[in-house]
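Notes follow once the structure below has been shown.
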Amino acid sequence: MSHLMNTYGRQPIAFTHGKGVRLYDEAGREYLDAVAGVAVNTLGHGHPDLVQAIAAQAAELIHCSNLYRVLPQEKLSDRLAALSGMDEVFFCNSGCEANEAAIKLARLYGHQRGIELPGIIVMEHAFHGRTLATLSATGNRKVQAGFEPLTPGFYRVPFNDLAAIRSIAEHNRNVVAVLFEPVQGEGGIHPADAAFMRELRELCTQQQWLFMIDEVQSGIARTGTWFGFQHAGIEPDVMTLAKGLGSGVPIGACLARGPAAGVFKPGNHGSTFGGNPLACIAALTTLDVVERDDLRGNAARQGDLIRSGFRETLKDLAGVKDIRGVGMMTGIELDRPCGELVGLARDAGLLINVTADSTIRLVPPLVYTEADSRELVDRLSPIIRNFLAGQQLAA
Ligand SMILES: *Cc1c(COP(=O)(O)O)cnc(C)c1O
């Protein structure tokens with residue numbers, strides 16, 4: 001009997017090592033990775049710059065506590081502020097923690113303005129994490145069921161629906177913030193409309209609400225810009241980061257700007273591990289390599305290549321409802337549940353993910369070459385084709 005708590009439906013496979021965009025299992029079989037640890041391994045596996053930087057930092061100092069100044073943390077905050085236009089950064093260890101910080105910040109902002117029971121507007125099909133506040137903000141009953149009572153203080157609206165947000169505002173005077181993803185990842189790779197983001201930005205400014213954007217999955221060049229909000233040419237008041245920031249070393253961040261900056265004071269929030277030297281060096285190295293090797297440009301190019309490739313190879317298939325995404329976030333939505341495809345692809349040496357029941361999610365490392373992108377399209381297309389055909393025969 002396994003001593004692991006039974007929280008995951010795990011696949012029957014274990015990897016021993018990885019190199020670039022390939023992973024290797026115990027039997028030495030090779031897999032092309034289009035999951036990247038769920039949008040985490042920005043630089044792929046075993047990237048020499050990252051390995052060297054982590055090893056050197058581990059020898060110097062791994063952890064020392066936020067009781068003291070932490071130099072790599074200061075450097076990383078400067079770097080993130082310069083890239084994003086944000087003013088200040090709080091470091092934690094994961095996406096849900098980054099969103100917890102954002103939710104606490106919004107509530108404190110409300111209290112400082114005399115609003116006793118502040119409310120935050122969130123979206124249908126959103127995913128913000130699995131802690132109590134973030135699962136309450138999440139728009140998926142499966143994540144919430146069994147964990148009631150939920151954290152109060154969230155208003156839910158359909159995604160990309162400004163009228164619904166205006167209507168909440170008319171009936172509730174306690175709204176202090178809006179929280180959403182620029183591309184809903186877990187929800188099935190649904191990008192926010194640029195016009196929606198711009199109009200929402202204006203509404204937030206008018207109403208003195210904080211515009212809070214969850215870039216945990218979309219941030220760090222994944223969509224072809226440093227952050228997803230940059231596609232809309234706007235600036236958020238709060239942004240959260242995690243997944244791709246440390247290329248696999250756990251680190252999360254909550255960034256604040258303008259009216260959201262200066263809200264937290266000493267004692268309001270904290271994290272024992274948050275922003276430790278090791279994690280910050282991993283993040284600094286990730287940012288350096290993304291910059292040096294133009295992985296933003298590469299994410300945009302490879303993502304376009306992958307989507308146009310699948311549009312071509314799958315164009316005659318009625319079972320394919322939509323192929324969408326931005327940069328290295330691609331969703332292929334089928335007309336039926338397709339979780340089975342994960343195993344079929346794995347047996348063929350391809351690692352993919354399925355989310356929202358019927359959407360194939362491809363979030364590869366940002367270091368894919370054109371040959372890797374072509375290989376993904378060429379090898380996955382027949383598997384999708386056979387799956388759809390086989391299902392028809394069975395029906
Ligand atoms: C994965 C994810 C989270 C949660 O991150 P964890 O590190 O698993 O806590 C939050 N928001 C979004 C958009 C995510 O994709």
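Numbering of ligands and ligand atoms starts at 1, following listing order. The figures here come from the full heavy-atom set of this structure, side chains too, leaving out hydrogens, waters and symmetry mates.
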Would you say the side-chain atoms of Lys19 and His45 include a donor-acceptor pair closer than 3.5 Å?
-> no

Residue Phe273 excluded, over 12 heavy atoms near CZ under 6.0 Å | no

Are any protein N/O atoms closer than 3.5 Å to the N/O atoms of ligand 1? If there are, list each pair with names and the distance to one decimal place.
residue  : atom   : partner : partner atom : Å
ligand 1 : 7 (O)  : Gly95   : N            : 2.8
ligand 1 : 9 (O)  : Cys96   : N            : 2.8
ligand 1 : 11 (N) : Phe127  : O            : 3.3
ligand 1 : 11 (N) : Asp214  : OD1          : 3.4
ligand 1 : 11 (N) : Asp214  : OD2          : 2.8
ligand 1 : 15 (O) : Gln217  : NE2          : 2.8
ligand 1 : 15 (O) : Lys243  : NZ           : 2.6

Phe15-Tyr31 aromatic ring centre distance below 6.0 Å | yes

Would you please indicate if the ring centroids of Phe90 and His269 are separated by under 6.0 Å?
-> yes

Looking only at side chains, do Arg201 and Thr205 share a donor and an acceptor under 3.5 Å apart?
-> yes

Please determine, by modelled atom types, if His125 and Asn140 share a side-chain donor-acceptor pair under 3.5 angstrom.
-> no

